[in-house]
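Here's the structure, in structure tokens; my notes come after.
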There are 2 protein chains.
Amino acid sequence: MLPEFKIAQLRHFVWVAELKGFHAAAEKAHRTQPAISLSIRDLENKLGEALFEKRNAKTAKTELTPFGQHFLPKAKELIEHHDRISKDMTLLAEHKTGHLRLASVPSIASQVLPELLLEFVNDTPELHISFFDDNSDAVYRMVENQQVDFGIAHLFHEQEHSDKSFIPIWEDQIGVVCPKDHPLAAHKELHWKELRKHRLISNGTSRLLEDSEASPLLGHSQFYISNMISLIAMLEAGFGVTTLPRYAVPKDSETLCFIPLSTPTVVRRIGIVKLTNKSLTPPAQALVDFILARNNSAE
Amino acid sequence: MLPEFKIAQLRHFVWVAELKGFHAAAEKAHRTQPAISLSIRDLENKLGEALFEKRNAKTAKTELTPFGQHFLPKAKELIEHHDRISKDMTLLAEHKTGHLRLASVPSIASQVLPELLLEFVNDTPELHISFFDDNSDAVYRMVENQQVDFGIAHLFHEQEHSDKSFIPIWEDQIGVVCPKDHPLAAHKELHWKELRKHRLISNGTSRLLEDSEASPLLGHSQFYISNMISLIAMLEAGFGVTTLPRYAVPKDSETLCFIPLSTPTVVRRIGIVKLTNKSLTPPAQALVDFILARNNSAE
DNA sequence: TCTCGCGATAAGGTTTTCTTATTTAGAAAC
DNA sequence: GTTTCTAAATAAGAAAACCTTATCGCGAGA
């Protein structure tokens, strides 16, 4: 029962009023003059009042009635409001703006994401990114609680996360880390049995070998260091060697080197974790797409 | 190139979101369910993003995407803005609200308008009325300067106001005013010659007689009082008699009476003055219509 | 497994909103 | 005073948008 205005119609009205003519307004609207006439008439009928002075009379210029003068600023405000929302939502949909929350395991966080994010935000200056790094469990938890839009973590076969989906992206191969002047450093690749002669330090990622034929090594290990910084320091001090996924090793270390294990070849799959039945926000979806595209083209 | 939303479409979206279902929304919109589906899909296409979680999947309840959650409050605000304007303008068009500015000559102002306005504003509690009373010249001037929406004044034959139009409403007959105990008070009507025997006080309205056969009376008059209050006081004191238009005489005077002049019968036409090429605001037009209707039915 | 509820999809009709063509009226020019 | 010109109104038909009925697909609960 209240009349419902169309934005286009209001635009026509504003243009006729401001350009003082139907022809000029028609041109601006990319319509013909009769279309504007009808549009205005429809508006007048809806309102039950004339917006422009009777234009068949002697008066030459199209001029607003007092009623029309009242309506003009209101119409303009509504149009502006509409356009603001339209623009905001379009920007958001084009992931040019908004807020993106992301959690990742430290290895990817430190070795892959910095460069990747730098490239991604290059053309989206208004995008805010919140970034958390923590271990896989914590990442899963943050995804579950919707503290982040998506996470980057390992795939756990054991724990069934039926409500989450996993998109594998990176394959992180397990290898041996030792000082560059260590006897093992000369090898291009290693068989697990070759490690038995050396002092092996196990760490949090060692359990990745549990299911492999290298599992006897774990019993062989006398030391366990969970903290990555300490572990690296021990290695650099020449205390021994360890096994680590490649991404967990500082990329451009001066003192340490990484030798892949050829037998067994153990890979840790790292990928994107998100809630299955929840869409991503446009910026988040854009980043996921970006990561996928980059990794497909890279391989 | 920016998408343009339709208010109806936004309503559909809000209803689907809030009622958590297309059927419920369809009912509220007095549409069928497919209409709502298409409406939402169109909106999603315009935005380039899904608003609701994929509804063909396992999920039962229709739920918003994060993007949709962002859009919902904005859509609601825009709808509210639209409805506010729609309502305001409708009220204004129905002259239920707004501002009406009016000027009138004192006679009508004091004897006709009070009762008339009281009746008029009866069903328009939100209408503000600014009211000025002044002589005819001033009323014309205020109309001309658009200080008032319209005026109530005399018709001047002499001065051509080509830009103003005059709608005659009242006919104000000239008569004689005298104390109730005056010899003339017994008459039902008077011939101008009968006044010659009495002391005549002329006043601002006396020039209405100038063009009539009673013009000799004006030379006969020894006193001229421009101020109405003083004039009435003089009459009440029994100083003499005067001629006045009927509406200029206090209606229910205890002491004075009004006897029409039969020869000559001079009427002063009072009516509505407005700018020719300017429409009235809806409340002003409504009042004019009201006055016209009242006066036609009264006669 | 069946059925129900909810939403998507398809096809066709109605309404709305344009366009082209023409008319009208005032203003300016002759 | 007639002609001419310009701007808007009007008419009629085409195009687009929108809604309806009918039907399908799919997951959930009986």
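Note: hydrogens, waters and symmetry copies are ignored here, and every other heavy atom, side chains too, is used. Chain identifiers are assigned alphabetically (A, B, ...) following the order of the sequence lines, protein sequences preceding nucleic acid strands; residue numbering begins at 1 within each chain.
With sequence neighbours excluded, no residue forms a ring pair (Phe, Tyr, Trp, His ring centres under 6.0 Å) with His70(A). Remark: Glu77(B) pairs with no residue by the salt bridge (Lys or Arg N to Asp or Glu O under 4.0 Å) rule, at least two apart or across chains. Residues satisfying the salt bridge (Lys or Arg N to Asp or Glu O under 4.0 Å) criterion with Asp133(A), sequence neighbours excluded, are absent altogether. Listed by chain and residue number, Glu18(A) satisfy the salt bridge (Lys or Arg N to Asp or Glu O under 4.0 Å) test with Lys76(A) (two or more places apart in sequence, or in another chain).
Across every non-hydrogen atom of Ser279(B) and Thr65(A), the tightest pair is OG-CG2, 3.5 Å.
Contact annotation: Ser37(A) does not reach the phosphate of dA8(D) (side-chain N/O to OP1 or OP2, under 4.0 Å). Considering only side-chain N and O atoms, Arg41(B) lies under 4.0 angstrom from the phosphate OP1 or OP2 of dT9(C).
Between the C1' atom of dC6(C) and the CZ atom of Phe52(B) lies a distance of 14 Å, rounded to the nearest Å. Leu43(B) has its CG atom 13 Å from the P atom of dA8(C), to the nearest Å. For the pair His23(A) NE2 and dT6(D) C1', the interatomic distance rounds to 8 Å; values are reported in whole Å. Protein atom CD of Glu4(B) is 14 Å distant from nucleotide atom C1' of dT17(C), rounded to whole Å. Rounded to whole Å, atom P of dA8(D) lies 13 Å from atom CD of Glu44(A). Put simply, CZ on Phe22(A) is 6 Å from P on dA8(D), counting in whole angstrom units. Whole-Å rounding puts the Ile36(A) CD1 to dT10(D) P distance at 16 Å. For the pair Ile7(A) CD1 and dT17(C) P, the computed distance is 14 Å after rounding to whole Å.
Between Phe67(A) and Phe71(A), the angle of the ring planes stays under 30°, which puts this pair in the parallel group of the 30/60° scheme.
In this model, a side-chain donor or acceptor of Gln33(A) finds a partner on the base of dA9(D) within 3.5 Å.
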Enumerate all atom pairs, one protein N or O and one N or O from nucleotides 15-19 of chain D, separated by less than 3.5 Å.
residue: dC18(D); atom: OP1; partner: Lys6(B); partner atom: NZ; Å: 2.4
residue: dC19(D); atom: OP1; partner: Arg31(B); partner atom: NH1; Å: 3.3

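Under the side-chain hydrogen bond (donor to acceptor under 3.5 Å, both in side chains) criterion, the residue pairs touching residues 83-94 of chain B are Arg11(B)-Asp83(B), with sequence neighbours excluded.
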